[in-house]
Participant: 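Dropping a structure here in C-alpha cells format, bear with me for questions.
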Amino acid sequence: YKMLTLWTRIVQASFIFLATESIGVLLDPCGHISPESPVVQLGSNFTAVCVLKEKCMDNFGVNADNIFWKTNHATVPKEQYTIINRTASSVSFTDISSLNTQLTCNIYAFGQIEQNVYGITIISGLPPEKPKNLGCIVNEEKNMMCQWDPGRKTYLETNYTLKSEWATEKFADCKAKRDTPNSCTLDYSPVYFVNIEVWVEAENALGKITSDHINFDPIDKVKPNPPHNLSVRNSEELSSILKLAWINPSIKTFIGLKYNIQYRTKDASTWSQIPPEDTSSTRSSFTVQDLKPFTEYVFRIRCMKNDGKGFWSDWSEEASGITYEAKPSKEPSFWYKIEPSHTHGYRPVKLIWKTLPPFEANGKILDYEVTLTRWKSHFQNYRVNDTKLTVNLTNDRYIATLTARNLVGRSDASVLTIPACDFQAAHPVTNLKAFPKDNKLWVEWTASNESVNKYILEWCVLSDKSPCIPDWQQEDGTIHLTYLRGNLMESKCYLITVTPVYDDGPGSPESIRAYLKQAAPSKGPTVRTKKVGKNEAVLEWDQLPVDVQNGFIRNYTILYKTALGNETAVNVNSSHTEYTLSSLTSDTLYMVRMAAYTDEGGMYGPDFTFTTPKFAQGEIEAIVVPVCLGFLLTTLLGVLFCFNKRDLIKKHIWPNVPDPSKSHIAQWSPHTPPRHNFNSKDQMYSDGNFTDVSVVEIEVNDKKPLPEDLKSTDLFKKEKSSTEGHSSGIGGSSCMSSSRPSISSSDENESGQNTSSTVQYSTVVHSGYRHQVPSVQVFSRSESTQPLLDSEERPEDLQLVDNVDSGDGILPRQQYFKQNCSQPETSQDISHFERPKHVSSVSEEGFVRLKQQQISDHISQSYGSGQMKMFQEISTADDFGPGTEGEVERFETVGMETAIDEGMPKSYLPQTVRQGGYVPQ
Amino acid sequence: MKVLAAGILSLLLVLHWKHGAGSPLPITPDNATCTTRHPCPSNLMTQIRNQLLQLNSSASALFIAYYTAQGEPFPSNVDKLCGPNVTDFPTFHADGTEKDKLVDLYRIIAYLGASLGNITRDQKALNPKDQNLHSKLSSTADTMRGLLSNVLCRLCNKYHVSHVDVSYGPDTSGKDVFQKKKLGCQLLGKYKQVIAELVQAF
C-alpha cells in the first residue's frame, strides 16, 4: 500500500513537471515538421517529416520511435510511419482528398503522456486550368472588356490576370476580381487600328498557366455607341412614307457603319425590320416606305461596323411619327332599322353606320354624306357628323348611299336598298352556327343561292332584366365565317341574327343563341313537389332565368335522400320541368335538391323537403268506406231484425205496464183507497220538500274503532246485510235503503233492468199507502191484468221480483235523490264509502248527533202526529245516516224480521213502518 | 541646345505619354536586328492609313475646340494667332519611298506627340474644366501613340529600322499663359495642316 501511494505521488509530480515543461515547449517547440506550409494537389501523395530536438528527447526520454501522427485529431496508422533516424519520423499519405487537413506530430512523454510537438495545415486543391474562349469587346469611347472560361474549380486562391501588349510595348495587367474570375475590364478604350495581343494568365499555389493569345485590331471588336437623336417626320405628298434621321456615333468618322432599322405601329408589340441590304452603308437618314396612312409608327435603330466585325450597338431610343392622311380606303358599314310609326303613309327609318376603323378611315373623318333616292330623279342629301340618321320615308322603295369624308378625300359609297313596305324578305342563310374559339365568338353560315351583296350580323345579350340592345357588323357577301367584333362578355347569352342583303333588299334573318364562354349557373333551380304520393312524388321546377343560366342547360340532376339514407342522384333532360320520384318509402321525410348543369358545371338550388304520406290517396277511403258500409249494413240488419222481432224485444225491454188509471182494485179489503189520490205522490215529491237535504256522514266506529280496511269492509258488510235485510220489502223499504247506490254498479244495472216491475209494484202500493190516512190497516192489491200481476200468479216471477228487490231497488232511491239532492251529495256519499276513514269535522259530527237527537226528539215529539210527516222524517234520517250503529242494529232487526216475514202471506205493508216504530193506525 | 531640348522632350514624353509611347528610335542600318514583341499584322499599312484618317477627321474639331477654349482673342484671330508657324517642324517628303515616308511620319508623329503632351499639360492647368478639349487631346494623343507603334512595327519588321532620330518642339513650361496658348494653337493648326497632307501621302 505504501508503495502504491509513493508511486501515485511520483506520477503527480511528474505531471506537474511535464506541464511546466510543456509551457516551455510552446515557446520553444520540441521539434518541427517539414514542409512547413504544404499545398498539395488533390489526389496526390504527400510526405511530412517530424524532427525532434535533442533537448526534448533527453527531457522526455523519447526518440523518433515515440512519434505518432494525427490528422484532424485522428491518429494516423503506424503503417504510414517511417523512422528515418533517431530524431526523425515521416508519415506518408496517398491520394489526398481533404481540402484542409490539420497534421500534428506527437509524442508520449515518459511513454504515457501524450504531448503535441508540432502541427501544420495541409492545404489541398487543384492547379488552374488553361482559360479558354477568350474574347474581348471594345465599348466605344469607354473601355474594353475581355471574358474567358476559367475552367474547373481549383479550391485554392487563383489569380486571373489579363495581359495585353502591342508589338512594340506592353500594357498594364488587368487583374480579375475575386467574384468575377472570368472577366476583366480595361478602364480605357484601346487605340483603334493597332493590333493588340491579349491573353489570360491563371496562377495559384499549384501552378500557373496561360491561355492562348489572341491578336486583334480593337476596331474589329468594337461595339459602337448607338445612333442618337433619332427623329421621324412624314410627307404630305405621300401618306405611306416616314423619313428618319439620326446622328451617328463618333466612330463613324473613321469606320463604315451598317444599320438595323425596326418599326412597328404604336399598338403593336412586334417589330418589323427594314431589309438589312438597304441599310448596309453609313448614313444618317432613311425613308421608310409602304406604311399605312394616318398611322403612328415607332422606330428604333442600331449600328455596327459595316464589315460585320465587331458588335451591334445597343438600340437607340425609340422615336415615333404619324403618316399623313389618305382618303378612306373602304366604305362604312351601312344598315337601317324601321321604327314603329303611327303616321299613315310614312315610316321612320333609322339609318345607322359604323365609324371606319383607323386603318380604313386613313385620317380623321370629318363627316358622312347620306343620299336617299326614291326614284332615279329624286335625291335627298344629308351631311351628318353622327353615325345615325332617322328619316321619314314613304312606303316606297329607296336607295340609300353613304360616304365618309376626311381631309384628303371621301370613301367609296356604301349602297343600301330600303325595300317598299310590301316587300317580302326571303332567302335566309342556312346552317347557321355560332361557336366560341380563341376567345372569340365565331358565326358560320351557308349562303343561299342568290347573289349576296353583304351580310349584316346583329347580336344582343338576352336578359330578363334588360331589353335586347343589338350591336351589329357588316360582312362582305363572300364571307361565310366571321367572328363578332364587339366587346362580348362571358357567361352571357347572345342572340345572333344573320341577315343577307340582296340587291332588292334584305333577306330573311336567321337567329341563333350562343355563349362566348359558358359557366356554371349562378343559381340552381328551385324544386318543389307537385304531388306527393305514398311511394312517389312528382317534382316540378321552373326553367332557370336566362340571366342565371350562364350557359346552355344540358341537364338537371336531382338528388334526394331520406334523413338517414344515402343520396340518390337522377339525371333529367334539360327539356323537362317535372320528374316523378318513384319507389319512395311511405311516411318518410325526403330532402331533395336539384342542380342545373351547363357545359362548364352545375349549381345546386335550395334544398326542399317533403314527407310522403302514410297512406296513399284513397287508401283511407278504401278502408273507411267498406267499414262504414259494413257497419251500416250491420246496423240495418240489426234494425230489421229488431223490427221483425219487435214484439219479442218489446216484451223483454218494455213489458206492458198496466195503466193504473184503467185498473181497479178488487174490494177485498174493507176500504178502497180513492183512485184519484194515486198521483198525489208526484205532487208531493215535486214540492221540493227535500231540496234542503243535508248529507250526514256517520262514523261507524264511534264505539269500537276498527282498522280502516276492516272498518270499510265492516261498513260494507253491515250495509249489505241491511240491504239484504230489507230487500224483500216494497215501497217504504226501498226508501230506507236509498243510501246504498254506490255499493256496486252491477247491482245498479241489475236493479235498473228490473226496476220497472218493482217500481210498479212499489208505486202502486206506496202511493196507495202514502195517500191514505189509514186510520185502519189497509191492504191493497192491484187487479191489473199486466204481467206484474202475472208474476204474483207465477211464483218464479215473484221470486225474480224478490231478488231484484233484494238486489237494491235503487232506481226509486236514485230518482228520489235526483229530485231532492241535485247537489253532489251523492258523490260525497260515494266518497264516504270509498274512503271510510274520512272523518268529518267535529261540527259535522256534532251536527249528525244533533240531527239524530232531533230526529229522535222529533219522533218522540211527533209521535202520533201525521203519518206523512213522520215518514218523511225517517226517510231523511235513513238516507243520510245509514252508518250509525244504532241504525245498523235497527236494520239488522229489520232484516231478521223480513226473514221471518218471508213465510208470511204476501203483504204490501212496509216493514220499515213497523220497524220505524210506528204502525199505521 | 537641340540635344538638351530633345532630352527634355523625351523626359516629357515619358512623363505624359503612356509607357513606351513615342520613345525615339535610333536609325540603324537596314541589316541591324530589330525585334518586336509579336509580329505585325498583315494589314499594317491599312491600319496606318486609317489612323491617319482618324487623326485627320478629328484634327479640325480639336483645333476649333482648342482656340475656342482659350477665349478671346483666339477665336476671333485664329489666322493671326494660330497660324501654322511652327519652327523646326519635321519635314515630310511625300515623293519618297515607303520607308522614307514612314521615317518622316515617325518623326512628325513623335514631334506632334511630344507637343501634344505639352499642350495637354498646359490646358489641364489653364482650362481644367473643359472636358471636351481634354477628351479630344487625349484621344488624339492615344491615336498618335498607336500610329507610332504601327510605324515602328513596320519599319522594324519590314525595313529593319530600329532607330530614328527625332526632334521635339519648344518647351512651353516656362512661358507665360498667352504664349502657352498661342504656341499650342499654332501647333494644332500645323497639326491640322500636316495630317491632311499625310493622309494624302499614304
Side-chain angles (χ1 to χ4, degrees), chain A residues 134 136 138-144 163-174 186-199 201 210-222 224-225 247-257 282 284 305-310, chain B residues 14 17-23 25 34-62 106 113 131-132 135-136 138-158 161-162 195 199 202:
Chain A
L134 175 63
C136 297
V138 176
N139 296 301
E140 181 193 353
E141 296 178 340
K142 293 185 185 74
N143 54 41
M144 182 175 77
K163 294 181 175 294
S164 57
E165 64 182 18
W166 281 342
T168 56
E169 60 184 295
K170 188 175 182 302
F171 299 119
D173 293 341
C174 176
L186 298 168
D187 57 358
Y188 60 89
S189 179
V191 176
Y192 302 124
F193 306 117
V194 184
N195 270 36
I196 187 170
E197 190 156 303
V198 174
W199 67 99
E201 198 172 85
T210 302
S211 71
D212 292 338
H213 291 220
I214 58 171
N215 191 293
F216 58 91
D217 185 346
I219 199 70
D220 293 334
K221 303 289 182 182
V222 73
N225 289 324
I247 297 175
N248 280 305
S250 58
I251 201 171
K252 154 258 182 187
T253 56
F254 46 89
I255 62 169
L257 294 175
T282 304
S284 58
K305 193 159 169 273
N306 62 357
D307 59 4
K309 294 178 180 175
Chain B
V14 169
W17 281 39
K18 298 280 172 67
H19 172 71
S23 302
L25 289 173
C34 178
T35 57
T36 53
R37 305 181 73 86
H38 56 258
C40 300
S42 58
N43 63 340
L44 191 59
M45 286 309 293
T46 306
Q47 286 182 328
I48 290 172
R49 277 192 290 273
N50 284 329
Q51 285 172 314
L52 289 172
L53 283 172
Q54 183 181 356
L55 290 171
N56 187 42
S57 65
S58 61
S60 181
L62 175 63
Y106 187 89
Q131 292 300 322
N132 178 45
S135 172
K136 282 181 165 58
S138 175
S139 175
T140 302
D142 287 344
T143 306
M144 286 183 179
R145 194 155 53 94
L147 179 57
L148 274 181
S149 176
N150 276 346
V151 172
L152 178 59
C153 194
R154 181 73 173 178
L155 287 172
C156 183
N157 274 267
K158 186 172 182 180
V161 176
S162 60
I195 204 71
V199 168
F202 288 92

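For the numbers below, each heavy atom of this structure counts, side chains included, while hydrogens, waters and symmetry mates do not.
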Participant: Taking only residues two or more places apart in sequence, or in another chain, which ones meet A:N139 in a side chain to side chain donor-acceptor pair (under 3.5 Å)?
Facilitator: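 Residues passing side chain to side chain donor-acceptor pair (under 3.5 Å) with A:N139: A:N143.
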Participant: Taking only residues two or more places apart in sequence or in another chain, which ones pass side-chain contact (heavy atoms from CB on, under 4.5 Å) with A:H213?
Facilitator: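 A:E197, A:W199, A:T210.
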Participant: For the side chain of B:S139 and the backbone of B:S135, is there at least one donor-acceptor N/O pair under 3.5 Å apart?
Facilitator: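 Checking the backbone N and O of B:S135 against the side chain of B:S139, no donor-acceptor pair under 3.5 Å is found.
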Participant: Quick check on the interface: out of A:F193, A:F254, A:Y192, who has the most heavy-atom pairs with chain B under 4.5 Å?
Facilitator: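 Among the listed options, the one with the most contacts to chain B is A:F193.
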Participant: Considering only heavy atoms, give the residues of residues 41-54 of chain B separated from chain A by less than 4.5 Å, sorted numerically, with 'none' for an empty result.
Facilitator: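 Checking residues 41-54 of chain B against chain A gives B:P41, B:Q47, B:N50, B:Q51, B:Q54.
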Participant: Between B:N150, B:T143, B:L147, which residue shows the highest count of heavy-atom pairs closer than 4.5 Å to chain A?
Facilitator: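 Looking at each option in turn, the highest pair count goes to B:N150.
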Participant: Counting heavy-atom pairs under 4.5 Å with chain B, which one of A:I196, A:N195, A:N215, A:V191 comes out on top?
Facilitator: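 Between A:I196, A:N195, A:N215, A:V191, the count favours A:N195.
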Participant: Name the region of B:T36, side chain, backbone, both or neither, that has any atom closer than 4.5 Å to a heavy atom of chain A.
Facilitator: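 When you check distances to chain A, atoms from both the backbone and side chain of B:T36 fall under 4.5 Å.
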Participant: Within this structure, what is the OG1-CG distance for the pair A:T282 and A:N248, rounded to the nearest 0.5 Å?
Facilitator: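 Here the interatomic distance stands at 6.5 Å.
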Participant: Check this for me: A:K142, atom NZ, are more than 12 non-hydrogen atoms of other residues, nucleotides or ligands nearer than 6.0 Å?
Facilitator: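 More than 12 within 6.0 Å, yes.
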Participant: Who passes side-chain contact (heavy atoms from CB on, under 4.5 Å) against B:S149, sequence neighbours left out?
Facilitator: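 Testing B:S149 for side-chain contact (heavy atoms from CB on, under 4.5 Å), a comparison that skips the adjacent residues, returns A:W166, A:T168, A:V194.
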Participant: Given the rule in the side chain to side chain contact (heavy atoms under 4.5 Å, CB included) test, do A:D173 and A:E201 qualify, once you have shown the distances and angles that lead to the verdict?
Facilitator: CA-CA 10 Å; A:D173 293 341; A:E201 198 172 85; over 6 Å; no
Participant: More than 12 heavy atoms of other residues, nucleotides or ligands under 6.0 Å from NZ of A:K305: yes or no?
Facilitator: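 Above 12, so yes.
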